[in-house]
Number of protein chains: 2
Amino acid sequence: MINSDFALGLHSILLLAADKDACLTSSTLSSMLKVHPVRIRKVLSKMKNAGYIESKEGAGGGFFISCNIEKVTLKDIYTLTHDDLMKAKCHSCCPSCKIGVNIEKVLDIILSDADEKFQDYLEDYSLQKVLDKMQQM
Amino acid sequence: MINSDFALGLHSILLLAADKDACLTSSTLSSMLKVHPVRIRKVLSKMKNAGYIESKEGAGGGFFISCNIEKVTLKDIYTLTHDDLMKAKCHSCCPSCKIGVNIEKVLDIILSDADEKFQDYLEDYSLQKVLDKMQQM
DNA sequence: TTAAGTGTTACAAATATTGTTACAGTTAAT
DNA sequence: ATTAACTGTAACAATATTTGTAACACTTAA
Ligand code: FES
Ligand code: FES
């Protein structure tokens, strides 16, 4: 459910959020996070499309924060980094079974409800709040 | 978060739960679920250790339900099929950063709280309740 | 005694994730 | 205007994870 794009994207955006004036290149982030620059750009491009950060091409370019970090939450990062809803990889099974007909449907309902609860929880954490929580430790 | 052992295990145990007298072999389940018998046995052996089902070796053997299906919940199946708690695959990053020091710790706290909420939700669904819900559709 | 099962390990194949290369486009500085 | 330092993307390679297979010891019923 939580994939590593989430961790990577969050880590990056927190780094940008921590200093509103910072303009970090994918190469800089890359060496900080020990992850390939191209992957950084891919993940950050989603955040860019969502309007959470901006990027500047060319020499002296890079990425910088462009959102209200009190408003953007972990839920936002979560949705951005997860294409499909949480879904059990159901195995195709005999449609003749009384069970088979509905099990996938039922699981989908239950899991998407659970996912909703999960996201509700994440929604309570703005980037700012996460940053604050880190200070307190 | 939800892996396919969960779906596979749940599907199997529901099949057993649906008929208390049924004794299904891994081979039968295998052809119903289109999954290799050995994998079925692996997943079911966990359920056996937990006491939710029993198995009988030798000719005429197989798996059958041995728990109160009003009591065993999706949470139980979930715990059984997930070794680690939900954990963000954090990338090792410079421990010199003010952020780096705590980001992993904070994420762990937040995610394990969220996981708890998620499991609380799953705990509401007993196997019986899932079976009932399937009838209603 | 044999056929039909489970239990478990070791290994192979398939799939998914991650890294790499390549290159077109953009910008700042010289 | 040329160059160096960037982003944006796509195609491909390497790695890691998941899933399937084969092998074999052990158990039980017929
Ligand atoms: S095998 Fe899925 S219910 Fe029949
Ligand atoms: S790179 Fe993770 S916080 Fe420094």
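Remember, it's a predicted structure, so these values are computed and weren't measured experimentally.
Of the two residues near DNA chain C, A/Gly60 and B/Gly60, the one whose nearest nucleotide lies more 5' is B/Gly60.
We find that NE2 of B/His82 is positioned 10 Å from P of D/dT18, with the value rounded to whole Å. Remark: P of D/dT21 and CD1 of B/Ile40 are 12 Å apart, rounded to the nearest angstrom. Rounded to an integer number of Å, the gap from CZ of B/Arg41 to P of C/dT9 is 13 Å. If you take CE of B/Met47 and C1' of C/dG7, they are 17 Å apart, rounded to a whole angstrom.
Taking a cutoff of 4.0 Å between a charged side-chain nitrogen and a carboxylate oxygen, A/Lys71 and A/Asp76 do not qualify as a salt bridge.
The side chain of B/Ser4 places an N or O atom within less than 4.0 Å of a non-bridging phosphate oxygen (OP1 or OP2) of D/dT19. Taking 4.0 angstrom as the limit, A/Ser45 places none of its side-chain polar atoms (N or O) nearer than this to OP1 or OP2 of D/dT7. Residue A/Lys48 has a polar side-chain atom (N or O) positioned under 4.0 Å from OP1 or OP2 of D/dG8. For C/dG7, one of the phosphate oxygens OP1 or OP2 lies less than 4.0 angstrom from a side-chain nitrogen or oxygen of B/Ser55. Contact annotation: A/His36 side-chain N/O to C/dT18 OP1/OP2 distance is not under 4.0 Å.
Checked by atom type and distance alone, the side chain of B/Ser4 never pairs as donor or acceptor with a backbone atom of B/Ala7 at under 3.5 Å.
Between A/Phe6 and A/His82, the angle of the ring planes lies from 30° to 60°, which puts this pair in the tilted group.
Counting only heavy atoms from C-beta on, B/Glu57 has its side chain closest to C/dG7 among D/dT7, C/dG7, C/dA28.
Among residues at least two apart or in separate chains, side chain to side chain donor-acceptor pair (under 3.5 Å) pairs with a member in residues 52-70 of chain A are A/Lys48-A/Ser55.
Heavy atoms of B/Ser26 sit under 4.0 angstrom from primed sugar atoms or phosphate atoms, though from no base atom. Contacts of B/Lys42 with the nucleic acid, taken as non-hydrogen atoms under 4.0 Å apart, include base atoms.
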